[in-house]
*Asks:* 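My structure is below; once you've seen it, I'll send some questions.
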There are 2 protein chains.
Amino acid sequence: MLSQTVEYALRAATYLATVPKQSRTVDQIAEVTHVPVAYLSKVLQQLVREEIVISRRGTGGGFMLARPPEKLRVLEIVQAVDPIERITTCPLGLAAHGKRLCPLHRRLDNALAEMERAFAASTLAEILAEPTKSVPLCNFPAAATCR
Amino acid sequence: MLSQTVEYALRAATYLATVPKQSRTVDQIAEVTHVPVAYLSKVLQQLVREEIVISRRGTGGGFMLARPPEKLRVLEIVQAVDPIERITTCPLGLAAHGKRLCPLHRRLDNALAEMERAFAASTLAEILAEPTKSVPLCNFPAAATCR
DNA sequence: GCATAACCGGATATTGACATCCGATTGAGG
DNA sequence: CCTCAATCGGATGTCAATATCCGGTTATGC
């Protein structure tokens, strides 16, 4: 339902949000987020192209959020790596009819719209600010307690 | 986001709902729904196993809804062919911690829950009953007007 | 009981998502 | 300007989703 790539991108972004304005190398991010390092590198490149993240090469380089966590919504990260494709025309491969969807596809598209809304509703900052008492599992920077 | 298989299963089920208690052959269903016939056959077999649809072999056989359209929810068809996998434990591959999700995965799972809710909200009967005036595109049995 | 209609199940492409590898490029620091 | 650290980009490998094919099985009707 949600692609691995989205999951990886969100983990990376969430981690970077815990150290805003600082950069981390692919290897560092991979270790904390448990994402295969080579693939994570590709995912981060996508985030760079979409200007979610900024990269710097060379010594002391790495990846850094392009904006403060308050200004980064989960939806933006999803759309950057694996966009939610809304249904805008009848998928039956029919040419000559307008933009109106049949009741079935209207409902499917509504469900997709719900997803978008849900993802647009949170920023990375909100995710990190959440109290999340009682064993903050999978939570950064408490990653050490997570294994 | 939604798999082809789900799309195909829903088209087939929606079509069968327009002729409840009657059976249609794979070829008939494939023609109306514009789904590749060989693959549709596999999808229908899945629906048979999940008791969404009943099959009969031999002359006059085919596929038929197992229940009246009022009793068939979109969600059931989705779950039959490509189940929505809710996030029940931290996906970071960590063994020794409970069932509690971190804020990030809590939100992702909430989005999945929204999808489930959206799909559970409609029955096939409701989809067919919708007024859908003004060129009922992609709509059965007006399939002829659809091409 | 034979011919025909239709689904069933297994074997086999094909395609895109996921993943790896490595040489090229860029930047920092002495 | 040389070395080292790090990303970048292209080539390649793997696997599950999609899709096809066909022989086997079951049911109908004569």
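Basis for what follows: all heavy atoms, side chains included, without hydrogens, waters or symmetry-related copies. Below, chains carry the letters A, B, ... as their sequence lines are ordered, and counting in each starts from 1.
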*Asks:* Could you state the atom-to-atom distance from CD1 of A/Ile54 to P of C/dT26 in whole Å?
*Replies:* 19 Å
*Asks:* Evaluate B/Gln22 against B/Leu16 for side-chain contact (heavy atoms from CB on, under 4.5 Å), listing each step before the verdict.
*Replies:* CA-CA 8 Å; B/Gln22 296 177 38; B/Leu16 288 178; over 6 Å; no
*Asks:* Which atom names give the shortest non-hydrogen contact between B/Ala120 and B/Arg73, and what distance separates them?
*Replies:* O-NH1, 2.7 Å
*Asks:* Does the side chain of B/Asp82 come under 3.5 Å of the side chain of B/Ser3 through a donor N or O and an acceptor N or O?
*Replies:* yes
*Asks:* What's the closest nucleotide to the side chain of A/Val26 if the choices are D/dT7, D/dT18, C/dT20?
*Replies:*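 Looking only at heavy atoms from C-beta outward on A/Val26, the closest nucleotide is D/dT7.
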*Asks:* Between D/dT18 atom C1' and B/Tyr8 atom OH, what is the distance in whole Å?
*Replies:* 8 Å
*Asks:* Just call it for B/Ser41: base, sugar-phosphate, or nothing, with non-hydrogen atoms closer than 4.0 Å on any strand.
*Replies:* nothing
*Asks:* In this structure, how many angstroms lie between the P atom of C/dT25 and the CZ atom of A/Arg57, rounded?
*Replies:*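 The answer, rounded to whole Å, is 9 Å.
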*Asks:* What is the distance, rounded to the nearest whole Å, between atom NZ of A/Lys42 and atom P of D/dT12?
*Replies:*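 To the nearest whole Å, that distance equals 13 Å.
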*Asks:* Return yes if the base of D/dG29 and the side-chain atoms of B/Thr59 contain a donor-acceptor N/O pair under 3.5 Å, otherwise no.
*Replies:*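 No such pair is found, so the answer is no.
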*Asks:* For the pair made of CZ in B/Phe63 and P in D/dT26, what is the distance, rounded to whole Å?
*Replies:* 16 Å
*Asks:* Looking for any heavy atom pair under 4.0 Å, which part of the strands does A/Gln4 touch: base, sugar-phosphate only, or nothing?
*Replies:* sugar-phosphate
*Asks:* Starting at atom CD of B/Gln46, determine the distance to atom P of D/dA17, rounded to an integer number of angstrom.
*Replies:* 10 Å
*Asks:* Nearest of C/dA19, D/dA27, D/dC8 to any side-chain atom of A/Gln45?
*Replies:*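 Closest nucleotide to the A/Gln45 side chain: D/dC8.
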*Asks:* Quick check: on DNA chain C, is the nucleotide nearest A/Thr5 upstream (toward 5') of the one nearest A/Arg56, or the reverse? Name the residue that is more 5'.
*Replies:* A/Thr5
*Asks:* Within this structure, what is the CZ-to-P distance between A/Arg24 and D/dA6, rounded to whole angstrom?
*Replies:* 12 Å
*Asks:* To the nearest angstrom, how far is B/Tyr39 atom OH from C/dT15 atom P?
*Replies:* 15 Å
*Asks:* Taking salt bridge (charged side-chain N to carboxylate O under 4.0 Å, His left out) as the criterion, tell me which of B/Glu50, B/Glu51, B/Glu76 meets it with B/Arg67.
*Replies:* B/Glu76
*Asks:* Is the number of heavy atoms from other residues, nucleotides or ligands within 6.0 Å of CD (A/Glu85) greater than 12?
*Replies:*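 No.
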*Asks:* Nearest-nucleotide wise, let me know which of A/Gly58 and A/Leu40 is further upstream toward the 5' end of DNA chain C.
*Replies:* A/Leu40
